[in-house]
Amino acid sequence: MSQHDALSEFDLIKQYFVRQRPGRATLGIGDDCALLTPAPGRQIAISSDMLVEDRHFFAGADARKLGHKSLAVNLSDLAAMGARPVAFTLALALPQAERGWLAAFSEGLFALADAHGCELIGGDTTKGPLNICITVFGELAPGQALRRDRAVAGDDIWISGTLGDARLALAGYRMEHTLAPHEMSEAASRMHTPTPRVELGCLLAETGLAHAAIDISDGLVGDLGHILKASGVGATLDVDALPAGPVLARQSAQLRRSYTLAGGDDYELCFTAPPSSREQIAALAARCATPATRVGSIDTAAGLRLVDATGAPLDLALRSFDHFTQ
Ligand code: ADP
Ligand code: MG
């Protein structure tokens with residue numbers, strides 16, 4: 001078929017999303033529902049995340065990277081629960097069926113899916129403004145989920161990887177901040193192709209080392225706030241201990257504080273664990289080649305206290321990202 005032959009909805013699904021390979025699903029794409037059989041005695045973790053053009057990504061965004069990111073943000077939710085990825089569905093609204101776009105999008109999507117053994121088992125396809133909604137299914141042992149309501153006073157607070165480079169890239173695109181071209185491309189890669197911390201999340205759940213976890217998508221202060229609220233506790237954060245992304249680390253202290261605390265699009269894990277687990281957590285993080293940094297502790301007193309490296313209180317005006325207020 002040439003580039004100009006119109007693609008029907010079913011040709012489109014068959015050519016770009018159906019793959020001829022055996023998978024985990026009992027029944028994959030093609031029927032009214034897919035069928036999944038969980039391994040005996042395991043629970044299924046389920047999460048959906050939607051990416052909307054002009055809201056979550058720029059019009060004209062690179063299709064391959066968009067395929068990666070659409071699944072990455074969903075895998076990040078499984079990681080934050082400690083669930084191993086099994087399968088996903090893809091609901092796609094497209095303004096037109098463009099072969100080049102579909103080929104690149106599905107390539108980016110499947111490269112990440114294959115890296116995590118996560119099989120596409122169904123979805124929906126319609127014409128409309130570009131909108132990508134993925135639902136992921138993961139597996140875990142009952143009682144092992146890293147829930148938001150399990151933080152305990154005295155726990156350490158840990159962050160995986162680094163924070164703030166994605167937000168810095170956004171500042172670059174918005175011309176709020178000037179970056180050298182090589183800095184911009186390094187920061188932008190954190191924004192467009194985030195790495196979900198799946199192995200770290202699963203190991204934290206399977207070893208029982210962590211109490212509570214969340215993935216940081218809307219900024220640390222807001223997302224940690226969800227753990228504090230759900231667990232009925234407070235926290236003290238050492239702002240100068242926060243691991244800044246390599247590009248952000250070279251910017252002013254003020255920008256570093258602001259974007260590590262309230263950036264967005266980080267897709268790192270924030271988790272709590274008792275101090276007795278410190279060495280084991282460091283070993284586990286090394287095992288999955290994901291840095292983990294201790295940045296504070298959970299307290300009985302409600303609220304979040306920000307302090308500097310000397311322990312002196314900081315009064316920073318910060319807001320996490322909210323779709324309906326910004
Ligand atoms: P229905 O009419 O029941 O909604 P569809 O005709 O939309 O079913 O889809 C046919 C089959 O293709 C279903 O198994 C559905 O799950 C699958 N499917 C549709 N769109 C996609 C997609 N973008 N990716 C993967 N599978 C899809
Ligand atoms: Mg349908």
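Whatever order the structure lists them in is the order used to number ligands and atoms, beginning at 1. Residue numbers run from 1 in the order of the sequence given.
- Of all the heavy atoms of I121, none lies under 4.0 Å from any atom of ligand 1, so neither backbone nor side chain is involved.
- An N or O contact shorter than 3.5 Å links G30 to ligand 1 by distance.
- Of all atoms in ligand 1, numbered sequentially from 1 with element shown, those under 4.0 Å from a heavy atom of L120 are 24 (N), 25 (C).
- A donor and an acceptor atom, one from each side chain of T236 and D299, are located under 3.5 Å apart.
- Contact check on R19 versus E119 returns no salt bridge, with no Lys/Arg side-chain nitrogen under 4.0 Å from an Asp/Glu carboxylate oxygen.
- In this structure, the side chains of L204 and F271 come closer than 4.5 Å at one or more pairs of heavy atoms.
- In summary, the atoms of ligand 1 found under 4.0 Å from a heavy atom of T125, numbered by their order in the structure, are 19 (C), 20 (N), 21 (C), 22 (C), 23 (N).
- Although no hydrogens or angles enter the test, the distance criterion places no donor-acceptor pair under 3.5 Å between the side chain of R257 and the main chain of V239.
- With hydrogens and angles ignored, the 3.5 Å screen pairs a side-chain donor or acceptor of T290 with a backbone N or O of C288.
- For ligand 1, the atoms closer than 4.0 angstrom to any heavy atom of F10 are 6 (O).
- Residue L92 has no nitrogen or oxygen atom sitting less than 3.5 Å from a nitrogen or oxygen atom of ligand 1, judged on distance alone.
- With ligand atoms numbered from 1 in the order given, ligand 1 contributes 7 (O), 19 (C), 20 (N), 21 (C), 23 (N) to contacts under 4.0 Å with heavy atoms of D124.
- Looking only at distances, no side-chain donor or acceptor of S277 sits under 3.5 Å from a matching main-chain atom of A273.
- Contact annotation: the side chain of M184 approaches that of Y173 to within less than 4.5 Å [non-hydrogen atoms, C-beta and beyond].
- Counting the atoms of ligand 1 from 1 in the order shown, those under 4.0 Å from a heavy atom of D31 are 13 (C), 14 (O).
- If you number the atoms of ligand 1 from 1 as listed, the ones under 4.0 Å from a heavy atom of I29 come out as 12 (O), 14 (O), 17 (C), 25 (C), 26 (N).
- Counting heavy atoms closer than 4.0 Å to ligand 1, residue I13 contributes side-chain atoms (C-beta onward) but none from N, CA, C or O.
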Derivation and outcome, ring-ring contact (aromatic ring centres under 6.0 Å, His included), residues F137 and F88: CA-CA 6 Å; F137 302 84; F88 67 106; 9.4 Å; no
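- Look at Y16 and you'll find every heavy atom at least 4.0 Å from all atoms of ligand 1.
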